[in-house]
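Counting begins at 1 with the first residue of the sequence. This is a predicted model, so every value here is computed, not measured.
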Amino acid sequence: MPKMKTNSSAKKRFKLTGTGKISRKNAYKSHILTKMSTKRKRNLGHTSLVSKADLGNVKRMLCIGK
């Protein structure tokens with residue numbers, strides 16, 4: 001059997017934490033930021049964890065687990 005290929009776009013977007021969770025960057029931080037409040041822009045700069053519903057798909061793209 002051939003090896004599983006890691007999805008190139010996924011490996012650039014997601015990062016594995018030390019405890020095995022997958023972190024991601026927040027959306028809506030690229031352009032048209034003038035109408036956004038400073039507080040909202042600041043909070044979007046932090047990383048978040050991938051939701052439970054999307055975890056299976058992301059792990060499959062990164063070839064983690066089964």
Side-chain angles (χ1 to χ4, degrees):
M1 287 295 291
K3 291 181 181 177
M4 286 282 290
K5 279 196 173 182
T6 302
N7 187 304
S8 292
S9 61
K11 72 182 173 191
K12 295 169 192 171
R13 286 173 170 82
F14 301 107
K15 187 178 172 185
L16 202 62
T17 63
T19 56
K21 294 172 183 168
I22 300 173
S23 65
R24 63 172 178 84
K25 290 196 72 166
N26 284 312
Y28 311 111
K29 192 69 175 33
S30 56
H31 61 101
I32 314 175
L33 301 173
T34 50
K35 60 178 79 169
M36 241 185 248
S37 69
T38 310
K39 181 180 179 181
R40 185 173 169 202
K41 285 188 279 192
R42 184 171 58 245
N43 289 333
L44 285 173
H46 304 138
T47 56
S48 304
L49 294 175
V50 173
S51 69
K52 203 172 183 180
D54 299 322
L55 206 56
N57 288 331
V58 174
K59 280 187 174 182
R60 193 175 302 117
M61 285 191 285
L62 296 173
C63 299
I64 300 170
K66 294 180 183 179

> Say you draw a straight line from CZ of Arg40 to CG of Leu33; how long is it, rounded to the nearest 0.5 Å?
Replying inline: 9.5 Å
> Taking atom NZ of Lys29 and atom CG of Asn43, what is their separation to the nearest 0.5 Å?
Replying inline: 10.5 Å
> Roughly how far, to the nearest 0.5 Å, is NZ of Lys12 from NZ of Lys25?
Replying inline: 15.0 Å
>> Nearest 0.5 Å, please: how far is CG in Leu55 from NZ in Lys59?
In response: 4.5 Å
> When Phe14 is tested against each of Ile64, Val50, Asn7 for side chain to side chain contact (heavy atoms under 4.5 Å, CB included), which residue passes?
Replying inline: Val50
> Which atoms form the tightest heavy-atom contact between Ala10 and Met61, and what is the distance?
Replying inline: CB-CB, 3.8 Å
> Does a sphere of radius 6.0 Å around CZ in Arg13 hold more than 12 heavy atoms from other residues, nucleotides or ligands, not counting ones at 6.0 Å or beyond?
Replying inline: no
> Out of curiosity, Leu49 CG to Ile22 CD1, how far, rounded to the nearest 0.5 Å?
Replying inline: 9.5 Å
>> Distance check, rounded to the nearest 0.5 Å: Lys11 atom NZ versus Leu16 atom CG?
In response: 15.0 Å
>> Given 3.5 Å as the limit, does a donor-acceptor pair link the side chain of Ser23 with the main chain of Lys15, or not?
In response: yes
> Any chance NZ of Lys41 has more than 12 other-residue heavy atoms, nucleotides or ligands included, within less than 6.0 Å?
Replying inline: yes
> Are the side chains of Met36 and Leu44 in touch, meaning some heavy atoms are under 4.5 Å apart?
Replying inline: yes
> Can a donor-acceptor pair be found between the side chains of Asn57 and Arg60 at a distance below 3.5 Å?
Replying inline: yes
